[in-house]
Amino acid sequence: MSTETYPLPAESVLNHIVDVHCHPTDAESISPESMDNLKITVCAMSSRQSDQPLVRALATAYPEKVIPCFGYHPWFSHWISLVPRISKEEHYRSLFPDGDADTLQQLLRSFPDPIPLDEVIAELRQNLEAFPNAMLGEVGLDRAFRVPYDYFASPRQLTPFVVPLNHQLAILEAQIDLAVDLRRNVSMHSVKAQMNTKDLLDTMKKKHGANWNRISVDLHSCGLSAQMWRDIEKKHNNTFLSLSTVINSRSSNHIALIKECSPDRILVESDYNDINFCTQQTFNILKVVAQTKASWGAVRRLEENWKVFKSGNHSSPESRASKEKKRHEEWLSDSDT
């Protein structure tokens, strides 16, 4: 689907917009001029070992504009071992036991030595504790991603392998356990894993009890069906969804999601890896949300949603019902830009 580009509003309006999910450190470089021109707040994601320090450095340099997010993406979960002191060959052969010998040998030449999960969690704890406003992200589940021979090669050649779901879940759950322990919000990836995502959220709620509601979870560039989102929203009062034009505009499903989602559970994002385009991309999806919800007060409403997401400490689903009805009426009655 084509995506319309909208004229940007004044800087005084942009200052109230938050891009809740982007990857600026994936770019080859970020110029000081680009950061000086940035008028919105961005949540900068990390996804693998090499970009955790890059996100840390960006947030240190621009604390008023960048909220750092530390985590390990499912696309790189095969680089993590669940047990310490395992050889490189043993680790990758255990993940891909059905691979032919030639393919595995090629993988062993290009893949890094695995990082033990306990070291990953220790590093994440250190980074999250260093930034009181930091989030966990990007983490998640992906049943569609095929492991490349070399992720950084261009063009990228794919193997027939996918990372086993149980392996992804073990790494994701350990990271979320840490987020709950530190009371940090989560930006979560979910591709071709609707039921697995719902089951994971149910498991986390049962495991952590009341502490689960102390954090917020954003399903970023949400690709769930409207029905699945409705089920999750009703059961998990700490869940939000965010949408992007770069991912969600590929399908009309995002319109159904916006219509179905409670007005106080929507956030917006760019999911871009170039800081120069984050503002425009975030504003484009904001306008789609505003038009779909028939509200021109979307900037203020989405800012309020972000504040609620950021604060955590959510009430029970039952006590939210009257609040959500009131806020839905407010959304429809807003008339500011």
Side-chain angles (χ1 to χ4, degrees), residues 1-24 26-27 30 33-45 65-67 138 187 189-191 218-230 233 240-306 309 327-328 330-337:
M1 296 178 61
S2 61
T3 304
E4 186 173 351
T5 296
Y6 297 90
L8 291 176
E11 180 178 333
S12 60
V13 176
L14 292 175
N15 290 160
H16 294 273
I17 295 175
V18 180
D19 176 356
V20 303
H21 189 106
C22 61
H23 295 267
D26 280 358
I30 305 173
E33 181 182 11
S34 294
M35 292 306 300
D36 289 342
N37 290 334
L38 183 69
K39 305 306 179 186
I40 65 173
T41 300
V42 298
C43 298
M45 300 289 142
K65 297 183 177 185
V66 178
I67 296 171
E138 180 179 358
S187 185
H189 170 111
S190 175
V191 173
D218 172 39
L219 299 180
H220 106 87
S221 287
C222 185
L224 302 179
S225 69
Q227 177 62 55
M228 179 61 74
W229 169 253
R230 180 163 58 245
E233 182 185 273
F240 293 69
L241 67 79
S242 60
L243 299 168
S244 66
T245 56
V246 67
I247 299 296
N248 295 109
S249 63
R250 298 173 185 173
S251 164
S252 60
N253 180 60
H254 70 295
I255 301 300
L257 270 172
I258 294 170
K259 291 178 178 178
E260 187 59 45
C261 185
S262 295
D264 60 353
R265 302 285 197 101
I266 301 177
L267 302 168
V268 289
E269 59 169 281
S270 70
D271 201 17
Y272 247 61
N273 62 1
D274 187 333
I275 199 68
N276 295 298
F277 294 96
C278 287
T279 299
Q280 185 65 66
Q281 291 296 320
T282 304
F283 189 68
N284 287 348
I285 192 65
L286 184 152
K287 293 288 283 187
V288 173
V289 171
Q291 292 170 5
T292 305
K293 284 293 190 185
S295 168
W296 296 103
V299 170
R300 183 166 69 86
R301 302 311 307 161
L302 290 167
E303 181 183 31
E304 180 63 23
N305 289 357
W306 165 252
F309 174 88
R327 294 195 66 196
H328 179 68
E330 290 175 348
W331 181 290
L332 294 177
S333 65
D334 280 342
S335 58
D336 60 308
T337 300

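Values below: all heavy atoms of this structure, side chains included; hydrogens, waters and symmetry mates excluded. This structure is a prediction, so every number in the text was calculated from the model and none was measured.
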Beyond-backbone contact of [X] with [Y], side-chain heavy atoms, under 4.5 angstrom:
X: L219; Y: F240; result: no
X: C222; Y: L257; result: yes
X: I17; Y: T41; result: no
X: V289; Y: V268; result: yes
X: V42; Y: I67; result: no

Using the side-chain contact (heavy atoms from CB on, under 4.5 Å) criterion, which residues pair with [X]? Sequence neighbours excluded.
X: T279; value: L8, L14, L38, I40
X: T245; value: T3, S249, Q281, N284, I285
X: D26; value: H23, R48, D51, N273
X: A27; value: none

Item to complete: Would you please say whether a donor-acceptor pair under 3.5 Å links the side chains of H220 and S187?
Response: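 Their side chains do not contain a donor-acceptor pair, so the 3.5 Å distance test is not met.
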[atom1]/[X] to [atom2]/[Y] distance, rounded to the nearest 0.5 angstrom?
X: K293; Y: L302; atom1: NZ; atom2: CG; answer: 10.5 Å
X: L286; Y: L243; atom1: CG; atom2: CG; answer: 11.0 Å
X: C278; Y: F283; atom1: SG; atom2: CZ; answer: 15.5 Å
X: H189; Y: D271; atom1: NE2; atom2: CG; answer: 9.5 Å

Item to complete: Decide side chain to side chain contact (heavy atoms under 4.5 Å, CB included) for N248 and N253; before the verdict, give the C-alpha distance in whole Å, the side-chain angles of both, and the deciding distance to 0.1 Å.
Response: CA-CA 8 Å; N248 295 109; N253 180 60; over 6 Å; no
Is a donor on one side and an acceptor on the other found under 3.5 Å between the side chain of [X] and the backbone of [Y]?
X: T292; Y: V288; value: yes
X: N276; Y: S34; value: no
X: K65; Y: M35; value: yes

In chain order, what residues pass the side-chain hydrogen bond (donor to acceptor under 3.5 Å, both in side chains) check against [X], with sequence neighbours excluded?
X: S221; answer: S244, E269
X: E303; answer: H16
X: T5; answer: none

Worksheet entry | Stepwise side chain to side chain contact (heavy atoms under 4.5 Å, CB included) test for H21 and S270 | CA-CA 6 Å; H21 189 106; S270 70; over 6 Å; no
Discussion item. Let's go through D264 and E304 carefully: what are the C-alpha distance in whole Å and the side-chain angles of both, what is the deciding distance for side chain to side chain contact (heavy atoms under 4.5 Å, CB included) to 0.1 Å, and is it a yes or a no?
Written reply: CA-CA 8 Å; D264 60 353; E304 180 63 23; over 6 Å; no
Item to complete: With sequence neighbours excluded, tell me which residues meet ring-ring contact (aromatic ring centres under 6.0 Å, His included) with Y272.
Response: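 ring-ring contact (aromatic ring centres under 6.0 Å, His included) check on Y272 returns F277.
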Worksheet item: Picking from R265, Q227, R230, what satisfies side chain to side chain donor-acceptor pair (under 3.5 Å) with E260?
Response: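 Of the listed options, the one satisfying the test is R230.
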Worksheet item: With sequence neighbours excluded, what pairs up with D274 under the salt bridge (Lys or Arg N to Asp or Glu O under 4.0 Å) test?
Response: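 If we apply the salt bridge (Lys or Arg N to Asp or Glu O under 4.0 Å) test to D274, skipping adjacent residues, there are no hits.
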Practice prompt. Evaluate side chain to side chain contact (heavy atoms under 4.5 Å, CB included) for W229 paired with S262, printing each intermediate quantity in order.
Written response: CA-CA 10 Å; W229 169 253; S262 295; over 6 Å; no
